Participant: 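Before anything else, here's the structure in question.
Proteins get letters first, then strands, A, B, ... in listed order; numbering begins at 1 in each. Keep in mind that what you see is a predicted model, and the values were worked out from it rather than measured. Just so you know, these numbers use all the heavy atoms, side chains as well, and skip hydrogens, waters and symmetry mates.
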There are 2 protein chains.
Amino acid sequence: MSKTNPPFMSGVPELLVLRLLSQQEMYGYELVRAIRHSTLESISLAEGVVYPTLHSLESRGLLRSREASNSVRPRVYYKTTARGKRRLKELLQDWDRVSGGINAALGELYA
Amino acid sequence: MSKTNPPFMSGVPELLVLRLLSQQEMYGYELVRAIRHSTLESISLAEGVVYPTLHSLESRGLLRSREASNSVRPRVYYKTTARGKRRLKELLQDWDRVSGGINAALGELYA
DNA sequence: AGCCTATACCTATAACTAATAGGTAATATA
DNA sequence: TATATTACCTATTAGTTATAGGTATAGGCT
């Protein structure tokens with residue numbers, strides 16, 4: 001049971017993570033809040049979504065991580081690599097195409 | 001192998017089908033073309049996506065079908081039910097929320 | 001001291017569903 | 001006659017989000 005595949009969320013964690021980490025380095029827990037904030041509380045991704053996404057993206061070479069030692073708590077900072085930025089560009093194109101297509105279909109009322 | 005989960009497509013077949021069939025009755029094969037056309041060729045859903053979607057939506061009471069007898073070929077016409085329209089309204093709200101959130105996060109550059 | 005909340009990381013499992021790749025059959029078209 | 005188009009269909013795969021857990025430290029409150 002329970003919503004595992006909510007509408008319109010496929011690709012969203014990857015897009016938001018690559019996007020936010022291409023602007024500035026962040027650690028996972030911080031990123032969870034950044035996602036909520038940057039989407040104006042419209043999208044909230046739980047830690048159980050964000051951490052696996054980070055690991056997957058790093059293993060694919062789209063993110064690079066470093067451990068912060070001088071911090072009180074152990075933190076793993078991530079940032080988007082050059083390959084990650086190319087992937088981001090690709091995702092942005094997909095997003096424009098799909099959202100454009102949907103909005104065109106929805107706007108058909110007034111056409 | 002091969003793209004089974006392309007980005008940003010979750011919920012899209014359901015949304016487009018409910019939307020188009022809430023405007024006018026159509027049969028599956030026609031709907032495939034209508035989806036391509038209404039999205040300005042941005043989104044193309046194969047028959048293998050559309051037919052299962054139609055069957056699923058009908059079994060959930062969101063669509064109703066009738067068979068056209070006087071046609072040369074056997075055609076099954078579908079239209080969105082009242083329940084389907086309520087579901088559509090829900091999906092449209094989700095779409096606004098998610099796409100709004102994403103666009104807010106993407107627009108952060110200029111903020 | 002004891003308790004709760006927040007911080008910060010993590011994993012296993014389930015659920016769902018879009019896409020692919022097939023398949024049937026009749027009718028136009030070249 | 002051969003091919004493309006119309007019109008329907010299903011089985012399977014693949015991928016990935018969400019949930020529900022879990023660990024451990026630090027700080028605030030009673």
Side-chain angles (χ1 to χ4, degrees), chain A residues 1-18 25-36 43-60 62-63 65-78 87 91 94 98 101-102, chain B residues 1-18 25-36 39 43-60 62-63 65-78 91 94 98 101-102:
Chain A
M1 65 181 100
S2 66
K3 316 207 100 177
T4 39
N5 290 37
F8 315 124
M9 287 304 289
S10 68
V12 171
E14 187 181 353
L15 173 70
L16 293 179
V17 167
L18 286 177
E25 190 181 59
M26 271 187 269
Y27 57 95
Y29 198 78
E30 186 184 10
L31 190 57
V32 169
R33 279 184 260 117
I35 287 167
R36 252 199 320 263
I43 297 173
S44 188
L45 300 182
E47 293 167 56
V49 172
V50 172
Y51 286 112
T53 299
L54 287 169
H55 302 155
S56 160
L57 292 175
E58 185 177 26
S59 78
R60 290 158 61 197
L62 308 179
L63 295 180
S65 73
R66 67 170 184 90
E67 282 128 61
S69 42
N70 58 336
S71 178
V72 192
R73 293 170 194 282
R75 285 175 175 171
V76 188
Y77 284 86
Y78 293 87
R87 172 63 178 155
L91 283 173
D94 280 354
V98 172
I102 291 176
Chain B
M1 65 179 103
S2 66
K3 315 208 100 176
T4 39
N5 291 36
F8 315 125
M9 286 305 288
S10 69
V12 171
E14 186 180 354
L15 173 69
L16 293 179
V17 167
L18 286 176
E25 191 181 59
M26 269 187 271
Y27 57 97
Y29 198 79
E30 186 184 9
L31 190 57
V32 169
R33 278 183 261 118
I35 287 167
R36 252 198 320 261
T39 62
I43 297 173
S44 187
L45 300 182
E47 293 166 55
V49 172
V50 171
Y51 287 112
T53 300
L54 288 170
H55 301 156
S56 160
L57 292 175
E58 185 177 26
S59 78
R60 289 158 61 196
L62 307 178
L63 295 180
S65 73
R66 69 171 182 88
E67 282 129 61
S69 42
N70 59 336
S71 179
V72 193
R73 293 168 194 283
R75 284 175 177 172
V76 189
Y77 283 86
Y78 293 87
L91 282 173
D94 280 355
V98 173
I102 290 175

Participant: Using whole Å, what does the distance between atom P of nucleotide dT10(D) and atom CG of L54(B) come to?
Facilitator: 11 Å
Participant: Scan P52(B) against the nucleic acid and name what it touches under 4.0 Å (heavy atoms): base, sugar-phosphate only, or nothing.
Facilitator: base
Participant: For the pair S65(B) (side chain) and V76(B) (backbone), establish whether a donor and an acceptor sit closer than 3.5 Å, ignoring hydrogens and angles.
Facilitator: no
Participant: Where the side chain of E47(B) is defined as all heavy atoms beyond and including C-beta, which of dT19(D), dT11(C), dA7(D) is the nearest nucleotide?
Facilitator: dA7(D)
Participant: Considering only dT11(C), dC9(D), dT17(D), which nucleotide approaches the side chain of H55(B) most closely?
Facilitator: dC9(D)
Participant: Can you name the residues that form a ring-ring contact (aromatic ring centres under 6.0 Å, His included) with Y29(A), not counting sequence neighbours?
Facilitator: none
Participant: Starting at CD1 of I35(A) and ending at P of dA18(D), how long is that distance when rounded to a whole Å?
Facilitator: 10 Å
Participant: Using atom CD of E58(B) as one end and atom P of dT10(D) as the other, report the distance to the nearest whole Å.
Facilitator: 11 Å
Participant: Provide, to the nearest angstrom, the distance between the OH atom belonging to Y29(B) and the C1' atom belonging to dG23(C).
Facilitator: 15 Å
Participant: Just to confirm, is there a sub-4.0 Å distance from OP1 or OP2 of dA8(C) to any side-chain nitrogen or oxygen of Y27(A)?
Facilitator: yes
Participant: Quick one: CD1 on I102(B) to CD1 on I43(A), what's the gap to the nearest 0.5 Å?
Facilitator: 4.5 Å
Participant: Taking only nitrogen or oxygen atoms into account, show me every contact under 3.5 Å that the protein makes with nucleotides 23-26 of chain D, one pair per line with its distance.
Facilitator:
from: dT25(D); atom 1: O2; to: R73(A); atom 2: NH1; distance (Å): 2.5
from: dT25(D); atom 1: O2; to: R73(A); atom 2: NH2; distance (Å): 3.3
from: dA26(D); atom 1: O4'; to: R73(A); atom 2: NH2; distance (Å): 3.1

Participant: If you check every side-chain atom of R75(A), which of dT7(C), dA14(C), dG15(D) has the closest atom?
Facilitator: dT7(C)
Participant: Within the pair R33(A) and dA6(C), is there a side-chain N or O less than 4.0 Å away from OP1 or OP2?
Facilitator: no
Participant: Return the value, rounded to whole Å, for the distance between atom CG of L62(A) and atom C1' of dT16(D).
Facilitator: 15 Å
Participant: Could you state the atom-to-atom distance from CZ of R60(A) to C1' of dG15(D) in whole Å?
Facilitator: 11 Å
Participant: Could you list the residues that satisfy salt bridge (charged side-chain N to carboxylate O under 4.0 Å, His left out) with R66(B), not counting sequence neighbours?
Facilitator: E25(B)
Participant: Give V12(B) one of three labels, base, sugar-phosphate or nothing, depending on what nucleic acid heavy atoms sit under 4.0 Å from its own.
Facilitator: nothing
Participant: At under 4.0 Å between heavy atoms, what does G48(B) touch on the DNA or RNA strands: base, sugar-phosphate, or nothing?
Facilitator: base
Participant: How close do T53(A) and P13(A) get, counting heavy atoms only, and between which atoms?
Facilitator: OG1-CB, 3.9 Å
Participant: Under a 3.5 Å distance rule, please check whether S10(B) uses its side chain to pair with a backbone N or O of P7(A) as donor and acceptor.
Facilitator: no
Participant: Among the candidates dA18(C), dT7(C), dA7(D), find the nucleotide nearest to the side-chain atoms of P13(B).
Facilitator: dA18(C)
Participant: Rounding to an integer number of Å, can you tell me how far L15(A) CG sits from dT16(D) P?
Facilitator: 14 Å
Participant: Report the relative orientation of the aromatic rings in Y78(A) and H55(A); use parallel for angles under 30°, tilted for 30 to 60°, perpendicular for over 60°.
Facilitator: tilted
Participant: Can you identify which nucleotide, out of dC10(C), dA7(D), dT10(D), has its nearest atom closest to the Y51(A) side chain?
Facilitator: dC10(C)
Participant: Between P on dA19(C) and CG on D94(A), what's the gap in Å once rounded to a whole number?
Facilitator: 12 Å
Participant: Output, in order, the C-alpha distance, side-chain angles, deciding distance and verdict of salt bridge (Lys or Arg N to Asp or Glu O under 4.0 Å) for R87(A) and E14(A).
Facilitator: CA-CA 10 Å; R87(A) 172 63 178 155; E14(A) 187 181 353; 2.7 Å; yes
